[in-house]
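Just so it is clear, the values below take in all heavy atoms, side chains as well, and ignore hydrogens, waters and symmetry mates. Within every chain, numbering begins at 1; the chains are lettered A, B, ... in the order of the sequence lines, protein sequences first and strands thereafter.
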Amino acid sequence: MEKMHFFQPLFGSGGFQPHGFCYAWNSGLVWLHVVSDLLIAAAYFAIPVVLLWFLRKRRDIPFSWIFLLFSVFIVACGGTHLMEVWNLWHAQYWFAGAVKAITAGASVGTAVVLTYTAPRFLQVPNLSEWCKANADLEARIAQRTKDLREANDALRQNRETLGLAQKAAKMGVWDRDVTAGRSTWTTELEEVFGLQPGTYTDNSQMWPNLMHPDDLPAVDKAVAESLRDGSEFSSEFRIIRPDGKQRWISARGSVIRDGEGRPNRMVGIDIDITEQKQAQEQIRSLNASLETRVADRTRDLSNANKELESFSYSVSHDLRAPLRTIDGFSLALLEDCGGTLDDVGKEHLQRIRAATQRMGALIDDLLNLSRVTRAQLTAQTFDLSAVVSSVAQELQATQPERQIAWRIAPAVFATGDARLLRVAIENLLNNAWKFTSKHPTATIEFGRTENRGCSAYFVKDDGAGFDPAYADRLFGPFQRLHATAEFPGTGVGLATVQRVIHRHGGRVWAESAVDQGATFYFTLPQANSEGAKG
Amino acid sequence: MKRRQILLVEDNADDEALTVRALKKSNVANEIVVVRDGVEALDYLFCEGAFAGREPRALPRVMLLDLKLPKLDGLRVLRRVRADERTRLLPVVILSSSDEEEDRIQGYSLGANSYVRKPVNFEQFLTAAAHLGLYWLVLNEPPVIRNNNG
């Protein structure tokens with residue numbers, strides 16, 4: 001009852017008139033106020049509901065507690081308007097004042113809080129900024145997506161190219177995780193091993209079964225070594241494909257270490273080198289057979305050379321001894337029994353002696369020819385003019401009375417075997433000397449000239465010459481274009497010249513006409529070319 | 001003093017006759033001892049085999065050595081002669097049909113004192129023999145060889 005007592009002044013009319021009294025109960029005015037206040041109240045009650053609904057839906061909205069504050073303050077405002085309507089008929093102004101006071105408190109509180117909080121509101125991006133940021137983000141996402149797609153495409157393309165390259169190279173890539181004891185193979189590697197794509201399984205049986213049993217221990221050892229000291233793995237071995245075909249593989253791999261430096265992975269490639277191996281084997285066997293053939297040929301040649309040497313030696317000793325006997329005893333006969341022989345008999349003996357000497361000369365020339373053929377070539381560059389002059393002097397000394405104009409070009413150098421080339425020069429000058437012997441004076445020339453498109457050495461005389469129709473017979477052994485009685489000789493000299501020049505890899509030829517003299521040309525390969533033939 | 005001998009090592013009887021004739025024609029008065037092969041030559045020099053009892057036991061003045069010989073060829077004979085203290089300084093003239101450079105080089109390398117080629121032409125042979133006789137038997141002063149055999 002005490003409580004009733006306390007509230008009595010609040011809900012009491014206190015002797016006041018209701019507010020309609022002020023409007024003189026003018027029904028139009030009263031109802032205007034009633035309807036307006038009710039509508040305001042309805043609106044004020046509806047607004048917080050909408051706000052609360054909005055907040056429920058948008059939990060991301062910052063400062064949501066402000067909306068709650070607004071709601072309280074607006075509901076309170078709505079309450080004051082309801083009180084206005086109530087006061088038209090009930091003069092409980094204390095109660096209405098209390099409601100107003102509450103509204104005032106809520107309003108002032110809200111205003112104060114808002115004043116202090118407003119600067120912080122500014123930090124919240126406005127909508128256009130939100131939209132722009134959002135659009136930027138969208139664009140960046142789109143760009144990132146595009147980049148990713150391109151990278152992905154490039155990666156796929158690379159993968160395809162790598163796949164093609166592996167296929168083309170008959171190779172594949174493996175990656176072995178040592179710690180986990182697991183290997184991954186590319187499909188190309190499976191192909192190398194004759195496996196269907198995706199069928200390589202990492203069980204311990206598959207790998208040893210693919211390996212040639214003879215090569216497995218060595219490969220295992222090489223892998224273990226690489227893992228132990230981190231060195232590059234490299235090995236060649238044979239595999240046996242599931243279809244039983246054997247292939248050669250060259251494998252290489254690198255060791256990858258974990259954070260603590262322990263080898264924990266090996267990555268590498270296997271290449272099918274069967275074709276290379278076969279080619280190598282072919283080359284090796286070809287080489288071997290070539291070497292055998294060369295060795296055989298060399299042995300044959302060396303045997304032939306030895307036979308030739310012993311033949312020449314034999315000729316040198318045994319063929320000459322009987323000649324010496326014939327000549328010696330012919331002379332002994334002439335000396336000891338000259339008195340009992342008439343001139344015809346003596347002439348017969350002289351013919352016998354001349355023939356033996358001719359035979360002796362033939363043997364000597366033949367031996368010379370064979371010596372030229374067998375001799376080892378020692379190439380050097382030397383003054384050929386000096387050799388020509390020296391031979392010319394020797395010739396002149398044999399018959400000082402002969403009138404020969406020697407025209408020897410100075411300092412003509414040659415590269416070749418000095419001893420053999422001297423033999424050639426001796427024969428050429430002998431020839432010139434001999435075929436100019438019927439002329440009271442003669443010119444013999446030596447030099448270097450252009451002939452038949454190349455630079456050639458030449459020996460030229462103005463002697464008897466020869467019929468060019470027989471030029472090709474000049475250099476054959478025992479070929480003579482003149483009668484022995486006319487110009488003595490064995491027919492071996494020019495053959496010897498040709499042998500010497502051919503052995504140097506050069507050419508020799510002659511030009512002449514009857515009674516027009518003759519010119520002999522020869523070439524020698526240049527100093528740096530290894531033209532000399534055995 | 002009796003002239004010391006000339007040792008001619010020659011298997012060819014014709015060559016032997018011609019060499020002896022040539023030497024005689026060149027007025028070589030020394031006795032010419034002829035042996036037929038390399039073994040006989042060494043036997044003669046070292047007074048062994050068939051020549052064990054030969055007198056006098058002195059070495060010849062000069063040995064004329066053919067290269068192509070039965071049993072033991074000339075170069076082997078020369079090697080043995082030069083290797084033996086008793087015959088190390090014996091003048092040796094190689095008398096050969098061969099003019100192979102290899103033979104000449106080997107002959108001189110093994111210590112031949114001369115290398116003479118037997119020419120086909122007998123007149124040239126005579127000249128060579130005369131020169132030989134003059135040089136080795138007249139002009140050349142041989143070393144004093146202490147012969148352990150005699």
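At least one side-chain heavy atom of A:His504 sits less than 4.5 Å from a side-chain heavy atom of A:Leu420. In this structure, the side chains of A:Asp417 and A:Phe382 stay at 4.5 Å or more apart for every pair of heavy atoms.
At a 4.5 Å heavy-atom cutoff, the contact between B:Lys25 and chain A is made by side-chain atoms alone. With a threshold of 4.5 angstrom between heavy atoms, B:Glu123 approaches chain A through its backbone and through its side chain. Contacts between A:Ala361 and chain B at a heavy-atom distance below 4.5 Å are absent for every atom of the residue. For chain A, the nearby parts of B:Asn121 are the backbone and the side chain; heavy atoms of each come within less than 4.5 Å.
Your options are A:Gly360, A:Ser330, A:Pro322, A:Gly328, and the one with the most heavy-atom pairs under 4.5 Å with chain B is A:Gly328. In terms of heavy-atom pairs under 4.5 angstrom with chain A, the leader among B:Glu102, B:Arg117, B:Glu101 is B:Arg117.
Annotation for A:Gly506 and A:Pro525: closest pair N-CD, 4.0 Å, computed over non-hydrogen atoms. Shown here for A:Ala414 and A:Leu524, the closest heavy-atom pair between the two residues is CB-CD1, 3.8 Å.
Atom CG of A:Asp342 is surrounded by more than 12 heavy atoms from other residues, nucleotides or ligands within 6.0 Å.
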